[in-house]
Structure formats: structure tokens, C-alpha cells
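Ligands are counted one by one from 1 in listed order, and the atoms in each one are counted from 1 as well. Here the structure is a predicted model, which is why all the values come from computation and not from measurement.
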Amino acid sequence: MAAQWRRARASLAKWCPFRLRKPDAVRHIGQMLRQYELVEKVKGYDPEADEDLLNKAYVFSMKAHGTQLRASGDPYFSHPIEVAGLLTDLKLDDETIATAILHDTIEDTLATPEQIEKLFGGNVARLVDGVTKLSKIEALTENERAAENLRKFLLAMSDDIRVLLVKLADRLHNMRTLHFIKNPDKRRRIAAETMEIYAPLAERIGMETLKAELEDLAFAELRPDARDSVLHRLRHLRQGDVDLVDRIVAELTQVLRAAGIEAEIFGREKTPYSIWRKMERKNVAFEQLSDIMAFRVHVDSLPTCYAALGVVHGAYHMLPGRFKDFISTPKPNGYRSLHTTIIGPERRKIEVQ
Ligand code: MN
């Protein structure tokens with residue numbers, strides 16, 4: 001654990017030069033999640049959830065933000081509701097959802113911590129306070145910030161991971177709506193800090209998908225030209241073949257089943273940013289770019305995982321130098337898996353984890 005913190009601290013120290021400030025001109029996409037929809041969603045995965053708490057938070061936040069608008073002209077209230085919606089996708093508990101709904105009330109409205117505590121209890125008050133403290137760091141001047149930043153992020157992480165989850169969802173919503181900000185310098189600054197601070201934080205706590213989306217949204221802002229080239233190449237490689245990922249999943253499932261291994265397999269196309277980074281790191285030219293899909297094979301035990309690897313290597317050619325054993329050597333965030341790259345079904349080069 002101590003080594004893990006040391007590594008986290010070392011990385012954070014590197015991120016600190018970047019500015020931390022919040023965008024004030026974002027717009028939500030699509031229709032705002034209604035009060036009953038939000039409550040139903042939480043009830044759907046947690047029947048025990050405190051309905052009153054969620055309803056009260058919704059009404060309180062709506063009233064507190066009142067007629068406040070994003071610079072885009074949308075009601076400010078749509079933002080915390082979208083953030084809460086993102087966290088229901090992760091099936092988080094009622095206190096976290098209430099915190100998301102309330103996360104900007106202390107900083108941006110007349111609401112007080114005492115009010116929050118009285119109405120929503122000590123836990124929610126503490127969580128909202130945590131998120132507010134992280135946001136305040138964003139307002140500090142450059143010099144004060146370096147040390148402050150680092151300490152508070154780490155405190156937040158060790159104190160209650162839910163604070164960090166709300167902050168990351170807040171950032172994701174702001175990134176998804178980044179293009180509504182008119183000032184290009186501001187957009188770039190937000191994208192840079194997302195790349196340098198928030199994406200690595202998401203990775204630290206094992207949220208790979210969130211990390212990938214944050215990075216790719218930042219990439220779209222920082223290097224639109226590069227991202228377009230990757231997308232262009234991806235379209236070429238796909239050649240309109242939309243079922244490819246599904247066909248490969250089906251074949252891999254079949255191959256493993258024939259060897260007596262039941263596995264759940266998930267396939268995806270890699271994000272433009274992860275492809276770009278790999279190309280840069282390995283000095284690969286566009287023409288050589290072929291490794292664009294990744295597959296996850298979930299099995300129920302550790303020996304089965306090694307057995308599945310054996311079956312896959314037995315059925316397809318593996319690419320030398322690409323095998324990694326994160327079971328015997330887990331990643332700092334605790335991730336354990338086997339990684340390999342093969343010339344797989346339909347002679348496609350794919351990564352299998
Ligand atoms: Mn916010």
C-alpha cells in the first residue's frame with residue numbers, strides 16, 4: 001500500500017503544473033433526467049435506496065440553482081442532474097447520487113454546509129464538502145496550488161472514494177459538453193488538465209472505460225488533426241464491416257467452448273487516442289496500423305485463465321513480445337489479467353486480455 005501511495009504521489013507531482021479551473025459554459029445533451037426517472041433508476045439496482053433523500057436533494061438543488069444559467073443559456077441545474085445520471089450507470093449508492101445532485105450548491109449558490117447537513121445528514125454533508133474542496137483547488141493561483149493540489153487529491157482518495165467518483169463524473173460531463181465553450185484557450189486548458197490529472201486518477205482507481213473516454217475527449221480538443229487521421233484509418237480498416245467485433249467474439253467463444261472452457265467475452269474497438277498513443281510509443285506508421293480491436297475474456301478462476309490462454313495460443317498465432325502476465329505481477333491499482341496479441345479469427349490482429 002505504501003509503495004502504491006508513493007507512486008501515486010510521484011505521478012501527481014508531475015501533473016500539478018496544469019491549471020485547474022472549472023468550465024462555466026457547458027450545455028447538457030438531450031433531455032434532462034426527470035426527478036422520478038432518476039429515483040426509479042436508483043431503485044432499479046438498489047431497492048433499499050432512500051427515495052426521500054433523492055427527492056429532497058433534487059428539489060433542493062433545483063431551487064438553489066434557481067434561474068442560474070450556463071453561459072450556453074441552459075439551466076445550470078441540468079448539469080448536476082446529468083452528473084448524477086452518469087453515476088447511476090455505475091450503480092452507486094443513494095448518498096453518492098444525492099451528493100452528485102448537490103455537488104455545486106455550496107460553491108455556486110447560497111446554500112450552506114449547515115443546511116446540507118441538517119437536511120441530508122452527516123454523510124452527504126461530508127461528501128459534498130469533499131467535492132467542494134476539490135473544486136476550490138481549481139480556483140487557487142498557480143503557485144499556491146502545486147502542494148495543495150496534491151495533498152487534497154490524496155486526502156480525498158484516502159478519505160472516501162465516492163468524493164473522487166463524483167468529481168470524475170463532473171469532469172466527464174464537462175468534457176462531453178466542452179465544445180460549447182467559445183474560448184479556445186479555455187477549452188484547451190480544460191482538455192490538458194483532463195489528460196494530465198483526471199484521466200490518470202480514473203486509471204489509478206481502476207476505471208478503465210472512464211479513463212479512455214476522458215482521454216479521447218481531451219485528444220479531440222488538443223489534436224483534432226491527429227484524431228481525424230486515426231478515424232480515417234479506422235474507417236478504412238473496417239471497410240463498412242460493422243459485425244466484425246461480434247463475429248470474432250462468437251468464434252473465440254466457440255474455440256474456448258470446444259476446449260471445455262465457458263467464458264464471457266467482450267469485444268470493443270480501441271479509442272482513437274489509445275491507438276494514437278500506441279503508434280507514437282512504438283513508432284508505428286499509419287499503414288502498419290492494424291491492431292484496433294481488443295477482447296476481454298472473463299473466466300471464473302485463475303487456473304482457467306491460464307488454460308484459456310493456452311487454448312487461444314494453440315488455436316492462433318501469437319505475436320512475440322506482446323504477452324504480459326499481470327496475474328503474477330499485478331498493476332499498481334490491483335488489476336490482474338493476462339494480455340496477449342494474436343492473429344485471430346479472420347486473420348485479424350487483435351489484443352486478447
Ligand atoms: Mn459541477
Side-chain angles (χ1 to χ4, degrees), residues 18-30 32-33 38 54 57-90 92 95-113 115-116 120 124-140 145 149 152-153 156-157 160-181 183 186-187 189-194 197-199 201-202 207 210 213-214 217-218 221:
F18 284 84
R19 293 162 190 238
L20 283 162
R21 227 183 285 151
K22 199 167 50 178
D24 56 19
V26 294
R27 183 195 300 249
H28 73 284
I29 294 168
M32 201 196 309
L33 209 53
L38 187 66
L54 298 172
Y58 196 101
V59 173
F60 181 87
S61 178
M62 186 165 60
K63 283 188 180 155
H65 287 292
T67 55
Q68 279 177 356
L69 297 177
R70 293 291 204 179
S72 62
D74 284 306
Y76 191 93
F77 179 58
S78 62
H79 163 69
I81 296 309
E82 291 293 325
V83 173
L86 289 170
L87 292 167
T88 62
D89 292 340
L90 299 175
L92 290 172
E95 289 179 347
T96 310
I97 304 303
T99 301
I101 299 171
L102 299 167
H103 82 270
D104 279 329
T105 56
I106 299 295
E107 211 192 356
D108 297 340
T109 79
L110 297 172
T112 65
Q115 264 180 315
I116 302 278
F120 306 103
V124 172
R126 193 174 40 77
L127 292 169
V128 172
D129 182 57
V131 180
T132 306
K133 279 186 178 136
L134 290 189
S135 302
K136 276 188 183 151
I137 307 171
E138 297 175 355
L140 287 179
R145 213 182 294 130
N149 243 352
K152 288 201 176 146
F153 268 122
M157 283 169 82
D160 193 326
I161 194 92
R162 294 179 296 176
V163 169
L164 195 56
L165 290 171
V166 173
K167 191 64 204 165
L168 287 169
D170 177 42
R171 174 54 54 137
L172 179 60
H173 183 243
N174 287 338
M175 283 304 293
R176 283 185 181 174
T177 51
L178 186 67
H179 56 288
F180 290 111
I181 295 179
N183 181 342
K186 190 168 186 174
R187 283 202 309 270
R189 198 181 65 223
I190 294 164
E193 84 190 15
T194 297
I197 296 169
Y198 291 99
L201 272 175
M207 305 195 65
L210 177 61
E213 183 174 352
L214 286 173
L217 287 164
E221 179 59 41

For this session: Among T109, L69, D104, find the one that has a side chain to side chain contact (heavy atoms under 4.5 Å, CB included) with Y76.
Result: D104
Seminar exercise, completed: Here the N/O/S atom of D170 closest to the Mn ion (ligand 1) would be OD1
Problem set entry | Name of whichever N/O/S atom of D104 is nearest to the Mn ion (ligand 1) | OD2
Exercise. Considering only heavy atoms from C-beta outward, does the side chain of E107 approach that of V131 to under 4.5 Å?
Worked result: no
For this session: Answer yes or no: is there a side-chain heavy-atom contact under 4.5 Å between D129 and I116?
Result: no
Exercise. At the Mn ion (ligand 1), what angle lies between atom NE2 of H103 and atom NE2 of H79, rounded to 10 degrees?
Worked result: 90°
Problem set entry | H173 near the Mn ion (ligand 1) via N/O/S, less than 2.8 Å | no
Exercise. Parallel under 30°, tilted from 30 to 60°, perpendicular over 60°: which one fits the rings of F77 and Y58?
Worked result: perpendicular
